[in-house]
Amino acid sequence: LGEIRLEDIQPFLEPIGFLRDYQNKGRRQILSKAGTLLAWQQRIGKSATCASSYLGKGKLLVVAPLSVRPVWMQWIERCHPGIKAIYVTGREFDPEQIKGADAIFCHYDIMGQWGSMGIGRDLELLVLDEIHLLSNLSSKRSKGCMMASTFAKRIVGATGTPLWNKPAGFFNVLDNICPGAWGNFWRFTARYASGRKGDFGWITGEPSNTQELRGRLSEVMSILTWRDVLGQLPDIQRSVEVAEVTYRQKLELDKLQLVI
């Protein structure tokens, strides 16, 4: 469990009322492990599960695409009303922006400049949403996230796009969740991505030793699909939106209708 001690988290393992059963189960896994990968399909509730796993014993740092910032700010406020939650802006590290903040949102495009935010060992929970965006270990965002991962007490990676067919790109995802536990890139890819020396450098190929990899992943990964939790999801609501179209667009739609 790394630095996670069961006696420290036992009081927080009780189910939370507004979470569904599978979300409470995912939350317990996050609390009991130093690193967790939530490979849940879209719209199942990863954000709520991750936000509710923050215990207020340090800082919460969420790194995600800019487009989902409103969703994260909403869930942080719902799970932890009254705490100071902020989002950082700009490509220059500015400690004044995060002064006194309990929860911080940073999008991937500027994470390379912000890094560990100056939080250091006070980083209780690091959430890396859409973590598959870190498959390139040499990118600025990957280096910034790895800096934060080094200090975090608990790390959660969330994605609806696991890289099963590209284990070479999977390495940096796993290395961010459990820094150092998967060895280095060359050993990992040699074992699980048919890695070998080529005429012009290191070559990776098809997945290898897949059963062993899946066995190791079962220690850190939680996989859920819509089918797994269909009975707990609310009914789908459909709505019709009326949109104006130009005359040219109408002609194109008429042509499409004839084809269909």
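Any value given below was found using the heavy atoms of this structure, including those in side chains, with hydrogens, waters and symmetry copies removed.
- Taking each heavy atom of Leu123 and Ile119 in turn, the nearest pair found is N-CG2, 3.4 Å.
- Under a 3.5 Å cut-off, the side chain of Gln97 and the backbone N or O of Thr89 do form a donor-acceptor pair.
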N/O donor-acceptor pairs under 3.5 Å from side chains in residues 220-234, not counting sequence neighbours:
residue : atom : partner : partner atom : Å
Ser222  : OG   : Trp40   : NE1          : 3.0
Thr225  : OG1  : Arg227  : N            : 3.4
Thr225  : OG1  : Asp228  : N            : 3.4
Thr225  : OG1  : Asp228  : OD2          : 3.1
Trp226  : NE1  : Gln42   : O            : 2.8
Asp228  : OD2  : Thr225  : N            : 2.9
Gln232  : OE1  : Asp21   : N            : 3.0

Going through the checks in order, is the side-chain contact (heavy atoms from CB on, under 4.5 Å) test met by Thr49 and Asn24? CA-CA 7 Å; Thr49 305; Asn24 276 306; over 6 Å; no
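- At distances below 3.5 Å, at least one donor-acceptor pair connects side-chain atoms of Ser208 with backbone N or O atoms of Ala193.
- Of the possible polar contacts, one joining the Asn176 side chain to the Met146 backbone as a donor-acceptor pair under 3.5 Å is found.
- When all heavy atoms of Cys145 and Val63 are compared, the closest pair comes out as SG-CG1, 4.0 Å.
- Between Cys79 and Ala51, the shortest heavy-atom contact is SG-CB, 4.0 Å.
- Exactly one of Ile177, Leu125, Leu128 qualifies for a side chain to side chain contact (heavy atoms under 4.5 Å, CB included) with Val156. That residue is Leu125.
- Not one N or O on the side chain of Lys140 forms a donor-acceptor pair closer than 3.5 Å with the backbone of Ile110.
- Within the structure, salt bridge (Lys or Arg N to Asp or Glu O under 4.0 Å) pairs that include any residue of residues 188-199 comprise Arg191-Glu212 (at least two apart or interchain).
- Grouping Ile, Leu, Val, Met, Phe, Trp and Tyr residues whose side-chain heavy atoms lie under 4.5 Å apart, directly or via other members, places Ile16 in a hydrophobic cluster with Phe18, Leu19, Val71, Trp75.
- A single hydrophobic cluster is seen to contain both Phe171 and Trp186, as judged by linkage of ILVMFWY side chains at heavy-atom distances under 4.5 Å, directly or through other members.
- With sequence neighbours left out, the side chain to side chain donor-acceptor pair (under 3.5 Å) criterion links Arg187 to no other residue.
- With Tyr22 contributing its side chain and Ile44 its backbone, the two residues share a donor-acceptor pair below 3.5 Å.
- For Tyr87, the OH atom sits in a loose shell: 12 or fewer heavy atoms of surrounding residues, nucleotides or ligands are nearer than 6.0 Å.
- A continuous path of Ile, Leu, Val, Met, Phe, Trp and Tyr side chains, each step under 4.5 Å between heavy atoms, connects Ile83 with Met73, placing both in one hydrophobic cluster.
- For Ala190, the side chain to side chain contact (heavy atoms under 4.5 Å, CB included) criterion is met by Trp202, not counting sequence neighbours.
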I'd like a table of donor-acceptor pairs (distance under 3.5 Å, sequence neighbours excluded) in which one partner is a side-chain atom from residues 250-260, with atom names and distances.
residue : atom : partner : partner atom : Å
Lys250  : NZ   : Asp254  : OD2          : 3.4

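- The line from CD1 of Ile155 to CD1 of Ile30 is 12.0 Å long, rounded to the nearest 0.5 Å.
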Would Arg27 and Gln29 count as a side-chain contact (heavy atoms from CB on, under 4.5 Å) if you check the C-alpha gap in whole Å, the side-chain angles of each, and the deciding distance to 0.1 Å? CA-CA 5 Å; Arg27 178 176 177 271; Gln29 177 173 344; over 6 Å; no
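- Residue pairs meeting the salt bridge (Lys or Arg N to Asp or Glu O under 4.0 Å) criterion with at least one member in residues 104-119, sequence neighbours excluded, are Asp109-Arg141.
- In this structure, Gln23 contributes its side chain and Arg20 its backbone to a donor-acceptor pair below 3.5 Å.
- Contact of the Val62 side chain with the Cys106 side chain is not registered, since no non-hydrogen atoms from C-beta on lie closer than 4.5 Å.
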Could you go step by step and tell me if Val88 and Ile98 meet the side-chain contact (heavy atoms from CB on, under 4.5 Å) rule? CA-CA 7 Å; Val88 296; Ile98 62 175; 3.6 Å; yes
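- In summary, of the residues considered (Lys57, Lys153, Lys59, Arg154), a salt bridge (Lys or Arg N to Asp or Glu O under 4.0 Å) with Glu124 occurs for Arg154 alone.
- Judged as a side chain to side chain donor-acceptor pair (under 3.5 Å), and not counting sequence neighbours, Asp175 has no contacts.
- Gln249 is linked by a side chain to side chain donor-acceptor pair (under 3.5 Å) to Thr246, counting only residues two or more places apart in sequence or in another chain.
- Taking the six-membered ring where tryptophan is involved, the planes of Trp182 and Tyr192 are perpendicular, since the angle between them exceeds 60° and thus also 30°.
- Looking only at distances, a side-chain donor or acceptor of Ser194 sits under 3.5 Å from a matching main-chain atom of Glu206.
- Annotation for Leu31 and Ser53: closest pair CD2-O, 3.3 Å, computed over non-hydrogen atoms.
- Each salt bridge (Lys or Arg N to Asp or Glu O under 4.0 Å) pair with one or both residues in residues 82-100, not counting sequence neighbours, would appear here, but there are none.
- Judged purely by atom type and a 3.5 angstrom limit, Trp114 uses its side chain to pair as donor or acceptor with the backbone of Gly90.
- Residues forming a side chain to side chain donor-acceptor pair (under 3.5 Å) with Ser139 (at least two apart in sequence, or on another chain): Ser142.
- In plain terms, the two heavy atoms of Pro65 and Leu133 that are nearest each other are CG-CD1, 3.9 Å.
- Pairing each heavy atom of Val173 with each of Ile131, the nearest pair is CG2-O, 3.6 Å.
- Panel note: side chain Tyr108, backbone Gly112; no donor-acceptor pair is recorded below 3.5 Å.
- Residue pairs satisfying the salt bridge (Lys or Arg N to Asp or Glu O under 4.0 Å) criterion with at least one member in residues 64-79, sequence neighbours excluded, are absent.
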